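Report on one structure; see the data block that follows.
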Amino acid sequence: MLDARALVHEAGFFDPLKRELAAVLREAPLRAAPRVLDAGCGTGHYTELALEVFEASDTEVRSARVLAMDLSPAAVLRTVRRRPAAVNGLVADTWQPLPIRDGSIDVVLDVFAPRNASEFRRILRPGGMLLVVVPRPEHLLELRADGRVLQIPEGKAAALVEELEPDFGLRTERFVDARFALDQDAAADDALAAAIIGMGPSAHHRSTERAADVQALPDAITLAVDVLAFEAVGEGRGPGGGAGTE
């Protein structure tokens with residue numbers, strides 16, 4: 001799955017999303033030397049993005065550090081190796097109490113990853129940012145016609161806002177809607193489509209009976225996601241992690 005994610009990122013499929021994430025991070029009111037948690041870091045592309053944004057700043061956020069967290073040791077190692085001087089790694093389960101100090105994190109990145117609202121609120125400082133990306137029903141629409149990817153329910157963004165209340169208040173919402181044109185190189189297009197399918201939950205649900213009966217690839221594949229930035233409000237109410245990595 002990590003190799004599939006890397007191929008899709010390197011092909012540029014997620015570039016429109018990265019531009020929106022970068023815009024939100026640039027506008028965020030951050031203190032000096034911010035600490036970022038990349039929850040579900042995967043291949044580390046969003047860790048790299050956050051560091052690039054902060055390092056390009058003319059303020060003291062240039063000294064940002066990222067804690068790359070994933071349940072997969074291979075994913076954490078892969079991410080840390082991208083920027084070892086600015087990234088620490090943590091192998092942990094998002095659904096369990098996190099070994100991170102209360103109020104020690106300025107930004108939590110959660111891109112297509114599980115969320116533990118109470119723990120995220122506990123580790124974020126008051127006013128800290130939770131930046132979440134969720135897919136819209138049109139996401140990968142062209143691959144959905146013949147059952148190659150799972151359906152996405154309506155209203156994920158609205159449900160997320162409700163889920164995170166009252167610990168988080170929605171501050172910014174952006175919508176990414178882009179079509180990635182395939183280059184008509186059959187082998188390359190097939191590899192990219194297989195990687196897009198293989199990098200997500202659809203990889204665990206594909207029907208082997210349909211493998212020989214899928215439709216031809218479309219001319220383009222849709223990237224459609226919501227980018228939501230929340231502010232941590234009130235007091236964190238998680239179980240508490242005590243001493244930790246940050």
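Residue numbers count from 1 along this sequence. Remember, it's a predicted structure, so these values are computed and weren't measured experimentally.
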Discussion item. With side chain to side chain donor-acceptor pair (under 3.5 Å) as the criterion, how do N116 and T94 come out once you've worked through the C-alpha distance, each side chain's angles and the decisive distance to 0.1 Å?
Written reply: CA-CA 6 Å; N116 185 331; T94 299; over 6 Å; no
Practice prompt. Check the pair V233 / E165 against side-chain contact (heavy atoms from CB on, under 4.5 Å), numbers first and verdict last.
Written response: CA-CA 9 Å; V233 297; E165 293 177 343; over 6 Å; no
Discussion item. Show, in sequence, the C-alpha distance, side-chain angles and deciding distance for L37 and L109, and conclude whether the side-chain contact (heavy atoms from CB on, under 4.5 Å) test is met.
Written reply: CA-CA 6 Å; L37 172 68; L109 289 177; over 6 Å; no
Fill in: Worked verdict on I221 versus I196 for side-chain contact (heavy atoms from CB on, under 4.5 Å)
CA-CA 10 Å; I221 300 175; I196 290 173; 3.8 Å; yes
Worksheet item: Going through the distances and angles, do R82 and V87 end up as a side-chain contact (heavy atoms from CB on, under 4.5 Å)?
Response: CA-CA 8 Å; R82 295 177 70 94; V87 180; over 6 Å; no
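Inter-residue side-chain proximity for I105 and I100 is flagged as met; some heavy-atom pair is nearer than 4.5 Å. No side-chain heavy atom of L124 sits less than 4.5 Å from a side-chain heavy atom of M129.
The pair E142-R179 meets the salt-bridge criterion, since a charged nitrogen lies less than 4.0 angstrom from a carboxylate oxygen. Between R83 and E55 a salt bridge is recorded (basic side-chain N to carboxylate O distance below 4.0 Å). A salt bridge is defined here as a Lys NZ or Arg NE, NH1 or NH2 lying under 4.0 Å from an Asp or Glu carboxylate O, and R174 with E27 meets this definition.
The heavy-atom pair separating G198 from A4 by the smallest distance is C-CB, 4.1 Å.
When each of R65, R35, R125 is checked for a side-chain hydrogen bond (donor to acceptor under 3.5 Å, both in side chains) with D106, only R125 meets the rule. Each of V176, V133, D226 was compared with E20 under the side-chain contact (heavy atoms from CB on, under 4.5 Å) criterion, and only V176 meets it.
Here the side chain of D110 pairs no donor or acceptor atom with the backbone of V132 at under 3.5 angstrom.
Counting non-hydrogen atoms of other residues, nucleotides and ligands closer than 6.0 Å to CZ of R31 gives a total above 12.
Looking only at atom types and distance, the side chain of K18 has a donor-acceptor partner in the side chain of H9 under 3.5 Å away.
In this structure, R136 forms a cation-pi arrangement with F175, its terminal cationic atom sitting closer than 6.0 Å to the ring centre and no more than 45° off the ring axis.
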